[in-house]
Enquirer: 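The structure is given below, and queries will be raised subsequently.
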2 protein chains.
Amino acid sequence: MPRKKTEHPAPALAKAAAPVRQAPDKAKTINDIARLAEVSKKTVSRVINHSPLVHQETRERVEAVMRQFNYTPDPFARGLAFRRSFLIGMVYDNPTAQYIVNMQYGALDAIRDSGFELVVHPCDSRNPGYIDGVHRFVQQQKLHGVMLVPRVSEDQALADMLADIGCRYSRIASVSLDEASRMVITHDRDGAAEAADYLQSLGHRDIALITGPSSYRSAHERTAGFVEALSKRGIELPAARIVEAGYTFESGVAAAERLLSGNQRPSAIFAGNDEMAAGVYKVALRAGISIPQQLSVVGFDDSPLASRLWPALSSVRLPVRDMGRIAASMLLQSEPGAASVASASVRPHLVVRDSCQPPAY
Amino acid sequence: MPRKKTEHPAPALAKAAAPVRQAPDKAKTINDIARLAEVSKKTVSRVINHSPLVHQETRERVEAVMRQFNYTPDPFARGLAFRRSFLIGMVYDNPTAQYIVNMQYGALDAIRDSGFELVVHPCDSRNPGYIDGVHRFVQQQKLHGVMLVPRVSEDQALADMLADIGCRYSRIASVSLDEASRMVITHDRDGAAEAADYLQSLGHRDIALITGPSSYRSAHERTAGFVEALSKRGIELPAARIVEAGYTFESGVAAAERLLSGNQRPSAIFAGNDEMAAGVYKVALRAGISIPQQLSVVGFDDSPLASRLWPALSSVRLPVRDMGRIAASMLLQSEPGAASVASASVRPHLVVRDSCQPPAY
DNA sequence: CTGAAAGCGCTTACAG
DNA sequence: CTGAAAGCGCTTACAG
């Protein structure tokens, strides 16, 4: 009922329309809380920031009021005063989608209910200006910290830049590249060794390896772990059984073609990631080589692909979500200077499916 | 060299250590720019916000100074004063990883160099509290706007909540669900029709369909588009040839088992997404039914999986990155109230690979 | 077209 | 343990 039509509005009705003259649900500010809790805004600020310099009773009174009005401090006001934000950046360079998404879920696990949010920043490390791009991103948004995902996490120049401008960061990598408080180490080497042990234990002796690009630390580690573990068990890989590829499906196809074309085929292939393992599947299927009867295959990453191939691919799994969670929580815990004691570490493990069996000699 | 140890520090040296008494590279503020350009800070503010109320000469002088000192306004100060941020939220509910990542790339394409950043917010729409979660997210961060990705984009209650609190949003969906200025329409129906026409043109007559869950709008559209297109060409799908599954690999396997177990097999199967199509591959491979010789298969999504299966899967592609770019740019362009004229629209198309051929009757 | 004042909601630095 | 003042870097509302 439009107001204008009521020629003589009853005062009572008018009052009901705007009861108690209280802004409907305007967000409370620190001043409101201070007034309602009968303290100064500075004391409320201390409670917000968990300062020990507040009397227990005072703290409880303030917290009760905050809870009652569902108060949360304005991140922009805090950001302005603190000169830094409550934003965590995730910087990455085009690994596979599932990896990125799992990593994001992990980071979000860590910051849930902390008042922090996740800002994503994919970049292209082949572009020489990409470090400047990250620099601008960090400065502009006054990021609380950034997580560096492989492969950008391996770029020392990036880490140096962040250290220079005093931005906290955490790096996820297959080996330690920095002080412990900044590293989440994934030990890819151990995962590759487990794959090697598995194939050897099945009875394979003529084994081939498709590696990722040697410029990738993870590829180097996976290769070294695999070769060393076999060597420990008395199997030396001849150079012809090691083919370097590019971590892509197509490069895996090309590598598998080389490996499977001769008349002396290996009985098993370990691929440095699942994409390349899928390439092996394609070549084998096309050539009528049946997996696992005539060829065993192991991948790395345990991507969604692994369980969708047929036969399902055995693959080394990295706990990506955990890695993301740990990398993000390192940023929340540590003060910029303070070094935490323990270095974070995570272990890969082999997920056995249907792509391997003893060789048919 | 610690200062205390130098008993008589040479004044000249001390001066060299802090040359010209100018803060090394402290970020300039609006006040610095105002002083250097010899205008008031308000005028600088006008230039920043592209106000027309600035003399051309003045504007150029201010812009020159801003450029010279590489000045960008502090997003927190602006956020505080404006009461809203320069953050775009992306809200989504667990579709596949590649979809999410492509969507993120698209959104980032749109906001590049705009001063906006992308904040991700995955959520679980089966959780009844998820709308409150989005509410808090939006209010807390004072988001400039949010993009709603399927399937949360289909939830009218979510859209209503956002409209209620005056938050701008854009919705990506297979059909129009809202005013044109807020929709990116993907026309899944047309893509499914193209798949139907393709199979029919190859000569298939006994065709089966594995649909996604009927509660998904996209599944409904894909099914309708496929069935109608076949009907137009004189092929009616009997009920037994339509199996509802859950958009997952496993559900695709189960559906394919039903479809391929009888002795009267269809000669072609259209799956509502690639995950389920991969399930068809698994069943066919296991049963010794060769693709495409004995069975043609078409998927939907053109996920990475499609080209990694063997034979490579023909699949309907949605321009996901474009969808993300358009959805994000809609948020940047429009003022909260202003309705843009055209509705955004995007078309799927069939990517033909090696999974289909004429039936072997 | 331009500017001086007040304010956004917090914090730091200083007192007590 | 608590508080009054000043300030973070912008904008709005008001003048001119």
Side-chain angles (χ1 to χ4, degrees), chain A residues 23 26-63 65-66 69-87 115-116 139-144 335-336, chain B residues 23 25-63 65-66 69-87 115-116 139-142 144 335-336:
Chain A
K26 189 165 179 300
K28 293 275 179 288
T29 73
I30 197 173
N31 288 309
D32 300 322
I33 302 300
R35 188 166 22 77
L36 290 161
E38 299 180 304
V39 294
S40 74
K41 63 201 281 196
K42 178 60 218 175
T43 296
V44 178
S45 173
R46 287 200 180 88
V47 173
I48 291 169
N49 293 293
H50 304 104
S51 160
L53 304 177
V54 181
H55 203 84
Q56 184 60 20
E57 274 175 36
T58 314
R59 175 189 309 285
E60 279 164 10
R61 183 151 38 92
V62 172
E63 281 174 344
V65 175
M66 296 201 301
F69 292 95
N70 209 352
Y71 168 78
T72 49
D74 183 300
F76 295 92
R78 298 187 85 194
L80 182 57
F82 269 138
R83 286 170 200 72
R84 60 187 182 73
S85 77
F86 297 85
L87 262 18
F116 283 83
Q139 297 272 53
Q140 173 75 19
Q141 298 299 319
K142 297 191 171 60
L143 292 186
H144 178 266
E335 283 309 294
Chain B
D25 51 355
K26 187 165 179 302
K28 293 275 179 288
T29 72
I30 197 173
N31 287 308
D32 300 322
I33 302 300
R35 189 168 20 78
L36 291 161
E38 299 180 302
V39 293
S40 74
K41 64 201 283 195
K42 179 58 216 174
T43 296
V44 177
S45 172
R46 288 200 179 88
V47 172
I48 292 169
N49 294 292
H50 304 103
S51 159
L53 303 176
V54 181
H55 203 86
Q56 184 59 20
E57 273 175 36
T58 314
R59 175 187 311 284
E60 279 164 10
R61 182 151 37 92
V62 173
E63 281 174 344
V65 175
M66 297 201 301
F69 293 95
N70 209 354
Y71 167 78
T72 50
D74 183 298
F76 296 93
R78 298 186 85 194
L80 183 56
F82 268 140
R83 285 168 201 74
R84 60 187 183 73
S85 76
F86 297 86
L87 261 20
F116 283 83
Q139 297 272 52
Q140 174 75 19
Q141 298 298 320
K142 298 191 172 61
H144 178 267
E335 282 311 293

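We use all heavy atoms of the structure for the numbers below, so side chains are in, but hydrogens, waters and symmetry mates are not.
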Enquirer: Is the ring pair A:His144/A:Phe116 parallel, tilted or perpendicular, if the boundaries are 30 and 60 degrees?
Expert: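 The arrangement is perpendicular - the two ring planes meet at more than 60°.
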Enquirer: Backbone N or O of B:Ser51 within a donor-acceptor pair of the B:Arg59 side chain at under 3.5 Å?
Expert: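 Flag set: sc B:Arg59 to bb B:Ser51 pair under 3.5 Å.
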Enquirer: Quick check with a 6.0 Å cut-off and a 45 degree axis cone: is A:Arg78 positioned over the face of A:Phe82's six-membered ring?
Expert: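 The answer is no, since A:Arg78 fails at least one limit relative to A:Phe82.
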Enquirer: Does a side-chain N or O from A:Thr58 land closer than 4.0 Å to OP1 or OP2 of D:dT2, or not?
Expert: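 Checking A:Thr58 against D:dT2: at least one side-chain N or O falls below 4.0 Å of OP1 or OP2.
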Enquirer: Which nucleotide in the set C:dC8, C:dG9, D:dC1 lies at the smallest distance from any side-chain heavy atom of B:Arg83?
Expert: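 Of the candidates, C:dC8 comes closest.
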Enquirer: Take the protein atom CG of B:Asn49 and the nucleotide atom P of D:dG9, then report the distance between them rounded to whole Å.
Expert: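 Rounded to the whole Å, the gap is 17 Å.
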Enquirer: OP1 or OP2 of D:dG9 versus the side-chain N and O atoms of B:Tyr71: is any pair under 4.0 Å?
Expert: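 For D:dG9, OP1/OP2 do not have a side-chain N/O of B:Tyr71 under 4.0 Å.
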Enquirer: Could you work out, with ring pair (Phe, Tyr, Trp, His ring centres under 6.0 Å) as the rule, every residue matching B:Tyr71, not counting sequence neighbours?
Expert: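 B:Tyr71 satisfies ring pair (Phe, Tyr, Trp, His ring centres under 6.0 Å) with no residue once adjacent residues are dropped.
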Enquirer: Check each residue of residues 33-45 of chain B for a non-hydrogen atom within less than 4.0 Å of any atom in DNA chain D, then write out the ones that pass by number, or none.
Expert: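 Only B:Lys41, B:Lys42, B:Ser45 qualify.
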Enquirer: Is any side-chain nitrogen or oxygen of B:Arg78 closer than 4.0 Å to OP1 or OP2 of D:dT11?
Expert: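 So the side-chain polar atoms of B:Arg78 do come within 4.0 Å of the phosphate oxygens OP1 or OP2 of D:dT11, strictly under.
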Enquirer: Mark yes or no for whether A:Ser85, through its side chain, and A:Gly79, through its backbone, hold a donor-acceptor pair below 3.5 Å.
Expert: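 Absent.
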Enquirer: Answer with base, sugar-phosphate or nothing: what part of the nucleic acid does B:Pro75 contact at a heavy-atom distance below 4.0 Å?
Expert: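 Result for B:Pro75 = nothing.
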Enquirer: Considering heavy-atom distances to DNA chain D, does B:Arg46 or B:Pro73 have its closest nucleotide positioned more toward the 5' end?
Expert: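 The residue closer to the strand's 5' end, by nearest nucleotide, is B:Pro73.
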Enquirer: Tell me, what's DNA chain C's dot-bracket, Watson-Crick or G-U with both distances under 3.5 Å, | for other-strand, [ ] crossing?
Expert: |||.||||||||.|||
Enquirer: Does B:Asn31 put a side-chain nitrogen or oxygen below 4.0 Å from OP1 or OP2 of D:dC10?
Expert: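 For D:dC10, OP1/OP2 do not have a side-chain N/O of B:Asn31 under 4.0 Å.
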